[in-house]
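Every heavy atom of this structure was used, including side-chain atoms; hydrogens, water molecules and symmetry mates were not. Keep in mind it's a predicted model, so treat the numbers as computed, not measured.
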Amino acid sequence: MRRKKRLQTNDKHIKNLAAIVGEKEILFHKEDLTAYENDGFTIHSYLPKAVVFPKNTEETAEIVSYLSRNDLPFLARGAGTGLSGGAVPLNGEVIISLVKMKRLLNVDLKNRYAVVEPGYVNLTLTNSISDKGYYYAPDPSSQYCCTIGGNVAENAGGAHCLKYGVTTNHILGLEVVTPDGAIIEIGKNGIMDVPGYDLLGILTGSEGTLGIVTKITVRILTHPEEKKTVLAYFDDVADGSQAVSDIVSEGIVPAALEMMDGTAIEAVESAAYPVGHPKDIDALLLIEVDGISAGIEEQINKILDVCEKRNVRSVKVAEDEQERARWWANRKTGFGAMGAISPDYLVQDGVIPRSTLPQVLGRIREISQEYGLRIANIFHAGDGNLHPLILFDSRIPGETDKALEAGSACLQACADVGGSITGEHGVGIEKREEMRFVFSDKEIEAQTNIREVFNPYYLLNAGKLFPSPGRCGEVKKEEKAAASK
């Protein structure tokens, strides 16, 4: 009965798309589409026209070619864990869901790379090669469910990006379907520094506005010889912030250097993986160093010394892998744990120079007071990537708007000290206007000019990343529509 219902439509485009992917691989009824109204940014919701599930590159290209010829807007979507609205169908798009393209295609241990499809889950790659002594470094908090294709779109980071870099530092090649349905390959066989423009760099972090990635070649690393993790508690967040700068000033580059303030600690201790953090603490640091065994103990001693000089209440080194894993599980639940202390929350994502941490965190506390909303801070302190979480209740009239305004004020605070409005979550629809905090109109125009080369008719994921559509794209779209009549 369900199958017959799916076929009951007079929409020729639905029928033609079903002919490409198969009748069971398309959704178009409202009750099926509501799950695709938004991604991890839930404040704004829009229904797509349909959702199609291609099984390979060729089907993806055929879908895109059809949609382009018929002037139908479309966008690609992975697991939907993005936090900036990059996969929200603003224009009633056809969503091309890549979750069924989830194969590990090749692993070359000798040359240290792997090839995956875009729907392959981040953590699954490490789990697949760990027994051979290898892993995939980018580790966003959602790595247990986010896809590598989505990581490429948003240039995802993670706790260990301080030492190992974000997604773009681990991408060696991409297969891409262009907005007109052509298939192109950029980078090959894990070879770096190919001639020509850095198209890998342009496409990684382009938020699905330039093309649809259908195959990804990633760098894999060997497990470090040893790693040790330190947990330090501070009575004053300013002392913890200064300890961050002091550790790096000592010449130490930790694999990870994370911070949580008192509100964030309250949340994680109320959620799934409590570890017994003191309830009255103002901040904690989670610090991990790795590398060859010979140098680890010296780095740990320097870190302990820095913490003592910055008035640490207590500091300890994880006794074993089990304790270390508990600490990290507690940290990785940070965002979701906010649900234990607030009915709603908005995650922000800004970047600042490390030396300005005390100043900016102080400003965020002022913003919290100004808007009457609690703000938790849980973030990658080592590289200055802040994540203020604005806690609010959408059932109270006006609180959602207040949360958005408070979030924008936090990003302005980052920009004011020479920082940026995003470090790993992307811009999407959430921070389009805030792009003006860090770019002039001319600089935005230069970037939209690049978009016009790849996406001239502005059908692919329109309305994302930049404050307003480029005029060139609008004109070309109108010209195409006129020519088709």
Take Arg436 and Asp441 through the test salt bridge (charged side-chain N to carboxylate O under 4.0 Å, His left out) and record every step on the way to the result. CA-CA 8 Å; Arg436 300 190 189 280; Asp441 287 344; 2.8 Å; yes

For the backbone of Asn330 and the side chain of Thr333, can you confirm whether one donor and one acceptor N or O come within less than 3.5 Å of each other? yes

Before giving the answer on side chain to side chain contact (heavy atoms under 4.5 Å, CB included), spell out for Asp39 and Val88 the whole-Å C-alpha distance, their side-chain angles and the decisive distance to 0.1 Å. CA-CA 6 Å; Asp39 53 15; Val88 174; 4.0 Å; yes

Among Leu357, Leu411, Asn377, whose side-chain contact (heavy atoms from CB on, under 4.5 Å) with Leu386 holds? Leu357

Any donor-acceptor N/O pair, Asn461 side chain to Ala76 backbone, under 3.5 Å: no

Atom CG of Leu27 and atom CD of Glu31: how far apart are they, to the nearest 0.5 Å? 10.0 Å

Take Asn122 and Asp139, measure what side-chain hydrogen bond (donor to acceptor under 3.5 Å, both in side chains) needs, and give me the verdict at the end. CA-CA 8 Å; Asn122 176 298; Asp139 62 338; over 6 Å; no

Provide the closest heavy-atom pair for Ala114 versus Ile220 in the form atom of the first, atom of the second, distance. CB-CG2, 4.2 Å

Quick one: do Tyr144 and Lys332 satisfy side chain to side chain contact (heavy atoms under 4.5 Å, CB included)? Show the steps, please. CA-CA 10 Å; Tyr144 65 93; Lys332 291 275 187 176; over 6 Å; no

Does a sphere of radius 6.0 Å around OH in Tyr273 hold more than 12 heavy atoms from other residues, nucleotides or ligands, not counting ones at 6.0 Å or beyond? no

Over 60° means perpendicular and under 30° means parallel, so classify the ring planes of Tyr136 and His170, tilted if in between. perpendicular

Below 4.0 angstrom, N of the basic side chain to O of the carboxylate: do Lys102 and Glu117 qualify? no

Report, as yes or no, whether the 6.0 Å neighbourhood of atom NZ on Lys100 holds more than 12 heavy atoms from other residues, nucleotides or ligands. yes

With respect to Thr167, which candidate in Val152, Ile148, Val218 satisfies the side-chain contact (heavy atoms from CB on, under 4.5 Å) definition? Val152

Polar side chain donor-acceptor pair, Asn38 to Ser45, under 3.5 angstrom: yes

Does the pair Lys402/Glu405 count as a salt bridge with the N-to-O cut at 4.0 Å? no

Assess whether a salt bridge exists between Arg77 and Glu93, defined as any Lys/Arg side-chain N lying under 4.0 Å from an Asp/Glu carboxylate O. no

Measuring centre to centre across the rings, with the benzene-like ring taken for any Trp, is His223 within less than 6.0 Å of Tyr135? yes

Check whether any side-chain N or O of Ser68 sits under 3.5 Å from a backbone N or O of Ser65 as a donor-acceptor pair, and report yes or no. no

Tell me whether Glu443 contacts the main-chain N or O of Ser440 through its side chain, where contact means a donor paired with an acceptor under 3.5 Å. yes

Aromatic ring pairing His387/His425, orientation class (parallel under 30°, perpendicular over 60°, tilted between): parallel

With side-chain hydrogen bond (donor to acceptor under 3.5 Å, both in side chains) as the criterion, how do Asp180 and Thr178 come out once you've worked through the C-alpha distance, each side chain's angles and the decisive distance to 0.1 Å? CA-CA 5 Å; Asp180 61 356; Thr178 65; 2.4 Å; yes

Evaluate the side chain to side chain contact (heavy atoms under 4.5 Å, CB included) criterion for residues Lys431 and Gln348: first the C-alpha distance (whole Å), next the side-chain angles of each, then the deciding distance (0.1 Å), finally the verdict. CA-CA 9 Å; Lys431 291 177 278 195; Gln348 274 301 354; 3.5 Å; yes

Tightest non-hydrogen contact, residues Ser141 and Arg331, listed as OG-NH1, 3.7 Å

Would Asp383 and Arg354 pass as an ion pair if we require N to O under 4.0 Å? no

Given the rule in the side-chain hydrogen bond (donor to acceptor under 3.5 Å, both in side chains) test, do Ser394 and Glu399 qualify, once you have shown the distances and angles that lead to the verdict? CA-CA 6 Å; Ser394 61; Glu399 275 221 350; over 6 Å; no

Taking Glu266 for its side chain and Ile341 for its backbone only, find out whether a donor-acceptor pair lies under 3.5 Å. no

Apply side-chain hydrogen bond (donor to acceptor under 3.5 Å, both in side chains) to His380 and Glu424, showing your working. CA-CA 11 Å; His380 314 312; Glu424 56 180 345; 2.8 Å; yes

Judged by atom type as modelled, is there a donor-acceptor pair below 3.5 Å linking the side chain of Thr81 to the main-chain atoms of Ser142? no

